[in-house]
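Side-chain atoms are counted along with the backbone in the values below, which use heavy atoms only and exclude waters and symmetry mates.
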Amino acid sequence: MADTSEAVESQDTVRAAGPWPRGIGAVTLFVEDLALAKGFYEAVFGLPLIFEDDVSAVFKFENTLINLLDVSEAPELIRPAAVARADSGARMQFTIEVDDVDAMCAELARRGVELLNGPMDRPWGIRTACFRDPAGYIWEIAH
């Protein structure tokens with residue numbers, strides 16, 4: 001049985017650290033071609049660019065920052081983990097809620113985006129469509 005004083009100390013530490021989790025503040029995406037990725041995010045999402053330097057471009061998605069980081073800088077951030085190659089296959093998907101999936105698909109087509117799938121009705125009750133950014137990250141729109 002755990003020591004009661006250790007349990008109380010652990011609860012005090014959690015209270016001092018504040019509520020957790022609070023939400024995702026930023027997502028860093030490793031990209032092989034920063035200029036191409038930056039252009040895609042500007043053209044497709046129309047997001048404000050809030051920071052840029054030689055190796056990164058940061059966009060604001062409402063309350064979340066999307067940091068496009070040149071893949072050459074990635075090992076420093078995640079060492080000892082390895083940086084995967086862009087052609088390794090998708091391992092994640094970002095979902096953006098929209099009011100009308102079909103209308104957004106038409107708008108994405110006007111912006112030069114090729115859909116991977118959709119729009120389609122999913123068995124779990126939502127309508128979705130997916131596309132890929134230039135670095136291979138998968139984005140889903142859903143309603």
Side-chain angles (χ1 to χ4, degrees), residues 2-3 6-143:
D3 182 352
E6 287 178 16
V8 169
E9 183 177 312
S10 176
Q11 289 175 350
D12 289 343
T13 301
V14 169
R15 276 192 287 272
W20 186 85
R22 290 185 175 184
I24 297 174
V27 175
T28 298
L29 304 176
F30 308 141
V31 301
E32 283 70 26
D33 186 332
L34 182 58
L36 180 63
K38 177 186 165 207
F40 180 88
Y41 279 69
E42 288 173 327
V44 172
F45 294 116
L47 298 171
L49 180 67
I50 64 165
F51 175 82
E52 179 178 22
D53 63 15
D54 292 342
V55 295
S56 67
V58 181
F59 293 91
K60 187 159 184 155
F61 262 83
E62 200 163 304
N63 295 323
T64 304
L65 301 178
I66 301 294
N67 177 26
L68 305 176
L69 183 68
D70 190 282
V71 72
S72 66
E73 303 295 309
E76 180 70 25
L77 288 179
I78 67 169
R79 191 173 285 125
V83 177
R85 294 173 36 97
D87 60 1
S88 297
R91 299 208 33 163
M92 65 183 334
Q93 169 180 287
F94 299 98
T95 300
I96 300 172
E97 294 177 2
V98 298
D99 291 332
D100 184 330
V101 172
D102 294 86
M104 183 54 70
C105 286
E107 179 59 29
L108 288 170
R110 280 191 289 280
R111 296 178 189 187
V113 175
E114 184 177 325
L115 295 178
L116 294 172
N117 62 51
M120 67 179 78
D121 293 319
R122 298 292 188 169
W124 49 92
I126 62 173
R127 188 158 179 80
T128 70
C130 289
F131 61 94
R132 183 183 352 240
D133 77 8
Y137 295 102
I138 307 296
W139 289 86
E140 174 187 65
I141 55 174
H143 179 78

Identify each donor-acceptor pair in which a side-chain atom of residues 130-143 lies under 3.5 Å from a protein atom, sequence neighbours left out, and give them as a table.
unit_1	atom_1	unit_2	atom_2	d
D133	OD1	A135	N	2.9
D133	OD1	G136	N	3.0
D133	OD1	Y137	N	3.0
D133	OD2	Y41	OH	2.5
Y137	OH	F30	N	3.0
Y137	OH	F30	O	3.0
W139	NE1	Y41	OH	3.2
E140	OE1	Q93	NE2	3.3
E140	OE1	T95	OG1	2.7
E140	OE2	Q93	NE2	3.4
H143	ND1	V98	O	3.0

Which donor-acceptor pairs under 3.5 Å do side chains of residues 99-106 form with protein atoms, sequence neighbours excluded?
unit_1	atom_1	unit_2	atom_2	d
D100	OD1	D102	N	3.0
D100	OD1	A103	N	2.9
D102	OD1	R127	NE	2.7
D102	OD2	R127	NH2	3.0

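E97 CD to I126 CD1: the interatomic distance, rounded to the nearest 0.5 Å, is 8.5 Å. The line from CD1 of I24 to CZ of F94 is 8.5 Å long, rounded to the nearest 0.5 Å. Between K60 atom NZ and I66 atom CD1 the span is 12.0 Å, to the nearest 0.5 Å. We find the CD-CG distance between E62 and L47 to be 11.0 Å, quoted to the nearest 0.5 Å. Atom CZ of residue F59 and atom CD of residue E42 lie 4.5 Å apart, to the nearest 0.5 angstrom. Going from atom CG of L65 over to atom CG of N67 covers 8.0 Å, rounded to the nearest 0.5 Å.
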Problem - Evaluation steps, side-chain contact (heavy atoms from CB on, under 4.5 Å), between L49 and K38 - result: CA-CA 9 Å; L49 180 67; K38 177 186 165 207; 3.7 Å; yes

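For residues 103-130, there are no ring pair (Phe, Tyr, Trp, His ring centres under 6.0 Å) pairs, not counting sequence neighbours.
Within 6.0 Å of CG in D53 there are more than 12 heavy atoms belonging to other residues, nucleotides or ligands. Shown here is R85, whose CZ atom has no more than 12 heavy atoms of other residues, nucleotides or ligands within 6.0 Å. Heavy atoms of other residues, nucleotides or ligands lying less than 6.0 angstrom from CZ of R91 number 12 at most.
The nearest pair of heavy atoms linking V71 to V83 is CG2-CG1, 3.7 Å. In this structure, S56 and L34 approach most closely via the heavy-atom pair N-CD2, 3.4 Å. Smallest separation of non-hydrogen atoms from L68 and V31: CD2-CG1, 4.3 Å. In terms of heavy atoms, S72 sits closest to D70 at OG-OD1, 2.6 Å.
With a 4.5 Å cut-off on side-chain heavy atoms, F61 and V27 do not count as touching.
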